[in-house]
**Student:** 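Can you read through this structure? Questions will come right after.
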Amino acid sequence: YMRVAVVGVTGMVGNVMLEVLAEHNFPVTELIPVASEKSVGKKIVFKGTEYTVIGLQQAVSLKPDVALFSAGASVSKEWAPKFAQVGTTVVDNSSAWRMDPTKKLVIPEINADVLTKDDKIIANPNCSTIQMLVALAPLQRKYGIKRVVVSTYQSITGTGVKAVRQLENEYKGEKGEMAYHYQIHRNAIPHCDVFEENGYTKEEMKLVRETKKILRDDSIAVTATAVRIPVVGGHSESVNVELKTDFDINEVRTLLAQSAGIKVQDNTETNTYPMPLYAHGKDDVFVGRIRRDESQPNTLNLWVVADNLRKGAATNTIQIAEYLIKNKLL
């Protein structure tokens, strides 16, 4: 018997959560669609049935078994503890709890073993962190990782529906609400999230901090540049990783191909490599352009692509809940 609340159900990730719950045949016996006051009363459809969106207070009083949150950090900060208090397990997709030392930050393929029955608020990592670490974790286990240099090419869907509208308006040559400081059509903006005092953006620092926490190794050095590009299907990343020991490139390819959640697309003869066009709507992390960095020892280049609304958000959240059910932690 599984009563599932989806908080932020009318947003981009909320919509995808409903799709993934249906596709994965998640054992939903009762769906509780939840959103902010301005969306209360709206109708949503799940598995052919129409539901009416309710508010947060009412949802807490229903005491769902699990609440999948994607409603932004301020909502999560205020409401996740209220759900936890009535016994609901919250899996939160915002940045609110990720770096809280008392909360687990989980990618199921990598570190679901940290979860216990007592974890009532579980954090879902940032989208760009998730796809990078799904690709890097098998390498860490086998060779050890010293340093990672990553540049991201991020989809506008990571910003939300406002950004999608901005691109559509610009494409048509129409004026409208701006999600970014600049036009995104025919542009690349090296500015994801807000700038921190060190000159890096919050998105760049998430890649640094979350990597250490998830891979359980504070010695891994990470430096990042995050760029927004006018793409809808997913985030792409150019990842340069310095390993602790040497490797055989074919062994690396095989290792990645055999790892959970990864699809290797890597054949230069047929021009086969990951692209957001093909990652769109899929749950896997796609890895290609696997090659040795010839400029220094023990170093590798990878091109990593995933649908940021799926594995980067909704799918990972739901996989955490699936793990909890399978291991009787709910």
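Just so it is clear, the values below take in all heavy atoms, side chains as well, and ignore hydrogens, waters and symmetry mates.
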**Student:** Any ring-ring contact (aromatic ring centres under 6.0 Å, His included) involving residues 37-93? Give me the pairs, sequence neighbours left out, ordered by first then second residue.
**Tutor:** Phe69-Phe83
**Student:** Between Ser128 and Glu203, do the side chains contain an N or O donor and an N or O acceptor separated by less than 3.5 Å?
**Tutor:**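 Result is yes, a qualifying pair exists.
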**Student:** List the steps and the verdict of side-chain contact (heavy atoms from CB on, under 4.5 Å) for Lys175 and Asn169.
**Tutor:** CA-CA 6 Å; Lys175 281 261 178 282; Asn169 286 338; over 6 Å; no
**Student:** Can you check side-chain hydrogen bond (donor to acceptor under 3.5 Å, both in side chains) on Lys206 and Thr129, steps first, answer last?
**Tutor:** CA-CA 7 Å; Lys206 285 171 189 173; Thr129 308; over 6 Å; no
**Student:** In sequence, state the C-alpha distance, the side-chain angles, and the governing distance for Glu23 and Arg310, and then conclude on salt bridge (charged side-chain N to carboxylate O under 4.0 Å, His left out).
**Tutor:** CA-CA 12 Å; Glu23 280 172 36; Arg310 288 186 72 107; 2.6 Å; yes
**Student:** With sequence neighbours left out, what residues match Phe247 under ring-ring contact (aromatic ring centres under 6.0 Å, His included)?
**Tutor:**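 Testing Phe247 for ring-ring contact (aromatic ring centres under 6.0 Å, His included), a comparison that skips the adjacent residues, returns none.
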**Student:** Give every donor-acceptor pair under 3.5 Å between a side-chain atom in residues 136-149 and any protein atom, sequence neighbours left out.
**Tutor:**
unit_1	atom_1	unit_2	atom_2	d
Gln140	NE2	Leu215	O	3.1
Tyr143	OH	Glu251	OE1	3.4

**Student:** Is there side-chain contact between Val239 and Trp303, with at least one heavy-atom pair below 4.5 Å?
**Tutor:**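 No, every pair of side-chain atoms sits at 4.5 Å or beyond.
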**Student:** What are the two closest non-hydrogen atoms of Ile121 and Pro81, and how far apart are they?
**Tutor:** CD1-N, 3.8 Å
**Student:** Do Val114 and Lys104 touch side chain to side chain, with heavy atoms closer than 4.5 Å?
**Tutor:** yes
**Student:** Is Met132 close to Val150 at the side-chain level, that is, under 4.5 Å between some pair of heavy atoms?
**Tutor:**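 Yes, their side chains come closer than 4.5 Å.
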**Student:** Distance alone, cut at 3.5 Å: any donor-acceptor contact between the side chains of Thr272 and Asn267?
**Tutor:**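 No donor-acceptor contact under 3.5 Å links the two side chains.
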**Student:** Is there side-chain contact between Arg253 and Val264, with at least one heavy-atom pair below 4.5 Å?
**Tutor:**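 Result yes, sub-4.5 Å side-chain heavy-atom pair found.
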**Student:** Where is the tightest heavy-atom contact between Ile214 and Pro125, given as atom of each residue plus distance?
**Tutor:**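 The pair with the smallest heavy-atom distance is CD1-CG, 3.6 Å.
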**Student:** So, Asn308 and Gln154: side-chain donor and acceptor under 3.5 Å apart, yes or no?
**Tutor:** no
**Student:** Measuring only between side-chain heavy atoms, which start at C-beta, is Thr299 closer than 4.5 Å to Gln296?
**Tutor:**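 With C-beta onward as the side chain, the pair touches.
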**Student:** Establish, from distance only, whether the side-chain atoms of His235 and Gln131 form a donor-acceptor pair under 3.5 Å.
**Tutor:**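 Absent: no donor and acceptor within the cut-off.
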**Student:** Regarding Glu78 and Lys82, does a basic nitrogen lie under 4.0 Å from an acidic carboxylate oxygen?
**Tutor:**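 Looking at Glu78 and Lys82, the cut-off is met.
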**Student:** Would you say Lys311 and Ile107 make side-chain contact, with heavy atoms under 4.5 Å?
**Tutor:** yes
